[in-house]
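Inspection log for the structure reproduced underneath, given as structure tokens.
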Amino acid sequence: MSLFAYQFTQDLVDWYESEQRDLPWRRSRDPYRIWISEVMLQQTRVDTVIPYYENFLKKFPTLPALANAHEDEVLKAWEGLGYYSRARNLHGAVKEIAASYDGVVPNDPDKFRELKGVGPYTGGAVMSIAYDFKEPAVDGNVMRVLSRVLYITEDISKQKTRKQFEEHVREYLEMTEPSKFNQALMELGALICKPKKPDCEQCPVSKLCVAREKGVVEQLPIKAKKAKPKDQQVSCAVIVDENERVLIEQRPKEGLLAGLWQFPAVLGHEDDLSSVLHDQYKLDISLQKESDVFKHVFSHLKWEVSIYTGTIATEEDHQGVWVNKQEFQTYSFPVVYQKIAKHYLGW
DNA sequence: AAGTCGGGGCG
DNA sequence: CGCCCAGACTT
């Protein structure tokens, strides 16, 4: 048993016990609540998650409550948080637990990891934080911290590298409380060992840090660059009738923004949009091209959304889903369409 | 192993 | 503008 590992785990956990933030999901060991927080926190900052977490637990206080909810309600509670498959997978997994595990989160890492949306990180995080299993929870924070402390220069975007980190963490977990140690590692990454301008002066393990000794802390971790988002032209129709109802449609069940709602939209230009309005909704109205272009960046796409507005008489034959303001609020819309609604409808 | 999947905050 | 964030799933 190495002296380094002993000192590292002790110093880190001691620091965590005095400096940890008071976060909503740290006030309970309920695996359901821990799980919700971990899924929301995937690729998402703490400050962004907190209000969603509070609202979500208010609407779905227990696992059975979530299991019995409709997917539309769940997506509405997730509206604006992004990566919506997280919500669908979580909902599916929770329904599976209600059906096959009597509503109790499995007290077993192998079984828990079989659930939808539970990968290596989330599996380890929930099992260690809620039940103190000796399971690593290696996320971006942990890889940044350990790549610096241990001076690991492999590309952290490769899964082989993540497994390397997991092996190191497994060793440390033998000599400390898993719940505290895993959280301490992430907390250090969030508060001290930040991507830019790390506060090495305040770091409880700076004396043990190889990257600091070498003066290369800010060069780590090594990570391959991501491809640039591709440009896409989107044309979108905001069509209202004389009773101030607007036409909306649901996106496909798979792919980008799956299952969310939007104003009728197509990849392409005005003629493509007109075709869809004619074919899908039997609408042949004159569209007015607006001057505004809404730009929106996704992980791998860059949208330029052109807006076309139109009005129809109420007595015309309506096809599709027409909603007033109150009804509109109950559907889940991607942020870019929320902006469009705000701008053209004030909704 | 590489692509897909959101959104916001920060320098 | 590019980078990063308590990643998982598909192919």
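Below, all heavy atoms of this structure are taken into account, side chains as well, without hydrogens, waters or symmetry copies. Below, chain A is the first sequence line, B the second, and so on; all start at residue 1.
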task: Assess K339(A) against F294(A): is NZ or CZ under 6.0 Å from the centre of the six-membered ring, and within 45 degrees of the ring's axis?
output: no
message: To the nearest 0.5 Å, what is the distance between CD1 on I34(A) and OH on Y32(A)?
response: 12.5 Å
field: Test side-chain hydrogen bond (donor to acceptor under 3.5 Å, both in side chains) applied to W303(A) and H296(A), Q232(A), Q233(A), the passing residue
entry: Q232(A)
OP1 or OP2 of [N] under 4.0 Å from side-chain N/O of [X]:
X	N	result
R144(A)	dC5(C)	yes
Y84(A)	dG7(B)	yes
H300(A)	dT4(B)	no
Q42(A)	dG7(C)	no
H296(A)	dG6(B)	no
K223(A)	dC5(C)	yes

Ignoring hydrogens and angles, does a donor from either the side chain of [X] or the base of [N] sit under 3.5 Å from an acceptor on the other?
X	N	value
T44(A)	dG7(C)	no
T48(A)	dG7(B)	no
R45(A)	dC4(C)	yes

message: Does this structure show an ion pair linking K253(A) with E71(A), if we count only N-O contacts that are shorter than 4.0 Å?
response: no
message: Taking dA6(C) as the reference, what is the distance to dG11(B) when you measure between their P atoms (whole Å, please)?
response: 15 Å
field: Residue met sooner reading DNA chain C from 5', once L115(A) and W25(A) are mapped to nucleotides
entry: W25(A)
